Colleague: 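Supplied in structure tokens, the structure appears directly below.
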Amino acid sequence: MNERRKPYPFDVIEPKWQALWDERRLFHALNPGDPDFDPARPKYYVLDMFPYPSGSGLHVGHPEGYTATDIIARYKRLRGFNVLHPMGWDAFGLPAEQYAIRTGQHPEITTRENIARFKTQLERIGFSYDWEREINTSDPAYFRWTQWIFLQIYQSWFNPATQKADPISTYTGHDPDSVRLAYVAEVPVNWCPELGTVLANEEVIDGKSEVGGFPVVKRPMRQWMLRITAFAERLIDELEPLDWPEGIKLLQRNWIGKSEGAEVRFAIAGHDGTIAVFTTRPDTLYGATYMVLAPEHPLVRRLTTNEQSQIVSDYCAQIAAKSDLERTDLAKEKTGVFTGACAINPVNNERIPIWIADYVLLGYGTGAIMAVPAHDERDLEFARKFDLPIVEVVQPPNDEPAIGFVGHGVAINSPLIDGLTTSEAKREITAWLAQRGLGWSATSYKLRDWLFSRQRYWGEPFPIVWENGRHRSLGETELPLIPPPLEDFKPTGTGEPPLARAQDWVRYSETATRELNTMPQWAGSCWYYLRFCDPGNAERFVSENAERYWMTGETAPLETSVSLELRNLFEIAKNFPHAPHRTVTLAAVTTSEAVELRRQTGLDFIGYHHCIDNYALRHILKEHGDDRRENAREQVSIGLRDILRIPEILRAPDRIEFGRVTGRGRQSLLYVKESGGAIYYVEEILQSAGRLMAKTLYKRRATGKRAITEASAAQTSETFRRVAKSIEASFPSVNQKHEGGVDLYVGGTEHAVLHLLYARFWHKVLFDLGHLTTNEPFQRLVNQGIILGEDGRKMSKRWGNVIDPLDVIADYGADAFRCYEMFMGPLEQMKPWSMTGVEGVSRFLARVWRLLMEENQAGEWILSSAVVESAPDKAQLKVMHATTKKVTEDIEALSFNTAIAQMMIFVNAFTTAQSRPLVALRTLLVLLNPFAPHLSSELWETLGHKFPILPDEITSQPWPEYQAEFLVEDEVEIALQVNGKVRDRIQVALTATSAELEALALVNPRVQEFIAGLTVRKVVVIPKKLVNVVAN
RNA sequence: GCCGAUGUGGCGAAAUGGCAGACGCAACGGACUUAAAAUCCGUUGGGCUUAACGGCCCGUGCCGGUUCGAGUCCGGCCAUCGGCACCA
């Protein structure tokens, strides 16, 4: 292949264009306030999950997602967006540290080398990253702010009254350290002696370290924890409106693991204290015949009677020696011992024995359970093994046996609640307990607090010092806190982090020493998407303007906020097609403006009327000096620019009746309800800090053709809140997208839970503290599938099936590489690499080249003489517009494979043509540009030499529009079916009516043949498609 | 065990409930060439039938259902892959 003549000179044009783009700073995104910043352009933030720069470089799997985002970025630029498309490095991490331990090479050096290699690879693929925004999490200028964010977390607490993070100064209790969002705890952790470090649960796989596969044991240690559990509820709730794959949302929900039930307090026979247990089935309380505590439960020692103490302590010792793996492995056979103590069941005052068993986990619920063997599999197994009593308290709905039935039924043998269904019984018994102070409804989460410290060198040091056994934070001016230079990065082996070796550094003052732990790798990746908005800022982690602009688009009229408003109105129009005009003023929009609106918002309009709020209208008229008057139908003509500004105007701070709409965390929804002959709908209910406020409430009579708008004023009164609540309760909401945050985030499923959950958590803390304007970081998430080797196995050194993008590019060029990555199949799917597949795509690009170019006598490529300025013929026009339509729609849907297929159809159709009309070729080149930017740029330029056009850059062209009229044919082929089977096809005029089609079908000889002797029962006519004759 | 995703030609894959297999790869045949590569044109799901043009039947993991009509919707299985795992 290397010796082969190149099908087109990609080896020349690709470096040429890459250099040109770089020189012209073509992909540098401007922030508000920068010279030449254009506020009229909507923003689009498209982000890749940034890589850890490993020593082995990129293989062809990595750039899959990067190519998809690059196509989107280039496409959005052509559509007039201000695009933020950055790249950076998740540069702290264990591999570099382990390499340092082996070779003595400082991690900073290897990291720098690896980054250089990654960057070379990425640049050679021709990605349109804004390299001026490159960041590196191990750069002090970056991690200074990671440390600053940690301090923000350290200096706040979760305020139950406001349900959000508040500064610790608002805490009025006696011990602030006990409520901080970052706190120190002695916790049993996964200690890996080989790595000399503690690992997070998720870094332990099958009892072995994820990195290296070394054994892991439990060991209590003093650790920094982040109180993510306080945000569990919000992490579930605020997930809902995001445009993420359902599977990922489900994973997150399951990981958080919310379960609702009750906490019940059991008295202990012969003791003062009580034991609280958590149960999701308070209705089975009468069936609780024993209780089980986790072996580590603090009450175990106090409760255990003398006779049992030896057995109990033996059992506890035995459990402690086991790893988590062994505990779950041995789970097949239940184990446990009796403590000798008894608890009192609060509903019937019966004494029930208290056992300990390792099937109860200290970390979940209260670390204690009431065992209901009749209706819980584990309890039943345990009770049978140890011969404990079993009492049936739920009657299954069918004939199923009651013992072992875990579903919902009817309560029995439960005097207080007999005869009630499970859900009624739960409510009833919980109320009964609550009245007596014996219990209360409670919610439990699987989610654990985040173990945030690591005993490593290559990570962010904590900005914390210890003095007299207490921790305190460094001042912001002391940041960044840079790791001390070290010769030896090995674990100390005692559990003390390597930083302990830097004795001078550790000594902060006469009396204070520095924290020795470092932060986990997640820390830097938790907020990098924010830093990209303003990477060079030395004053703040991100400037307010940059953050607000890139996360919400505010400061400029932009697609997201406009379309939100319009989408509301669109929904209304759709739902009430016959509703006449409301008393709100209608603004007339010209046809071309409507087309523009549709282009920008992707919405269709019913007519060209756009509802405008009175407030906004007054505002606009004032600006225009009141020179436009309403006509008789209360319509006023205003321009597109004004319309696009409406969302901004509506959010103006002087609009008092608008409530706290300028605040943060709004959530727009549309609720509709029909009640008592009237239709109520509330446009945009705003949810902020747990409060609901309605922006506008409409009420209209449902009867009669003319619905009447009675009220349309914005209020935030208590009444309104109630109405909104009741509507919400009784009518499912139209699921409005929550606009804001990164517009498109693409990465692998391996980060489905942790990275995304941690980043969301940090984002919410920063949002609560007023540093951010959105409550969620990532609006739309897409996971790319992994690319397998040619042998169908995962790419790895072990199989020798790793493919380096640079090798592919050397043979086929970057454009072919990019196109093949996208042509392989759907982005989300797992699929194997194929070199012959690359060749096929490369042939397609060569055909594009030869569509415009031919070789002269001297063997030089010159513009083909077949390229002419004439108008395309009808068939060509159809292909051109069909391609424009399909490519546009497919890019929006991230179906890049079918977009490329359509462009192949285009090329196949034009290759054979005698003359190749300029307009068609130009259209193709613009459509192709996001996919094959080098080739299309070169051909565009060559075309411009003979046929000049302004602006002359392909990157300044408008995205082509298709016109539907060119897609329809005069005649259309109709399939004739008999009993659902195609028997013939006929050409008919597009205008043929259903009756005509039916008649044509029935007289068709082939149809006749098949219905001979049968009775025609029915004829189904689908216009423009088929006729199905049903006969028997 | 639980949860999720996937299942269509030799291969990667297309198909708002409306003509299954677009597009590409591979294979085969042809044109060009002294020859090969490259390029261009054509054929290509399986079976049966016809001298031929054609025609018929079967086909989207399996079984059933809804429908005039199902790759697509519903129910139940099977297989592969991924995730979680005593969560009270």
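Please read all numbers here as calculations on a predicted model, not as lab measurements. Lettering of chains follows the sequences in order, A, B, ..., and the numbering in each one begins at 1. Note: hydrogens, waters and symmetry copies are ignored here, and every other heavy atom, side chains too, is used.
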Colleague: With rounding to whole Å, what would you report as the distance between rA15(B) and rC86(B) at their C1' atoms?
Modeller: 46 Å
Colleague: Which whole number of Å gives the distance between the C1' atom of rG65(B) and that of rG17(B)?
Modeller: 15 Å
Colleague: OP1 or OP2 of rG24(B) sitting under 4.0 Å from any side-chain N/O of Asn908(A)?
Modeller: yes
Colleague: Roughly how far apart, to the nearest Å, are rU80(B) and rA85(B) at atom P?
Modeller: 23 Å
Colleague: With rounding to whole Å, what would you report as the distance between rC40(B) and rC25(B) at their P atoms?
Modeller: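 That atom pair is separated by 10 Å.
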Colleague: With the side chain of Arg847(A) defined as its heavy atoms from C-beta on, choose the nearest nucleotide among rC87(B), rC58(B), rC41(B).
Modeller: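 The closest nucleotide is rC41(B).
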Colleague: Taking the same atom, C1', in rC32(B) and in rU39(B), what whole-Å distance lies between them?
Modeller: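 Straight-line distance between the two C1' atoms is 9 Å.
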Colleague: Are Tyr8(A) and Trp861(A) an aromatic pair, judged by ring center distance below 6.0 Å?
Modeller: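 No, the ring of Trp861(A) stays outside the 6.0 Å limit from the ring of Tyr8(A), centre to centre.
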Colleague: rG4(B) and rA13(B): how far apart are their P atoms, nearest whole angstrom?
Modeller: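 Each nucleotide's P atom is 24 Å from the other's.
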Colleague: State the syn/anti category of rG9(B) according to its glycosidic angle, syn meaning within 90° of 0.
Modeller: syn
Colleague: Between rU60(B) and rG7(B), how far is it from one C1' atom to the other, in whole Å?
Modeller: 9 Å
Colleague: Using only atom types and a distance under 3.5 Å, with no angle test, would you say the side chain of Gln977(A) pairs donor to acceptor with the backbone of Val1029(A)?
Modeller: no
Colleague: Between Trp849(A) and Phe10(A), does the ring centre distance come in under 6.0 Å?
Modeller: no
Colleague: Less than 3.5 Å apart, any donor N or O on the side chain of Thr749(A) or Asn783(A) sitting next to an acceptor on the other?
Modeller: no
Colleague: What nucleotide, of rC58(B), rG12(B), rC25(B), holds the atom closest to the side chain of Arg843(A)?
Modeller: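 Closest nucleotide among those given: rC25(B).
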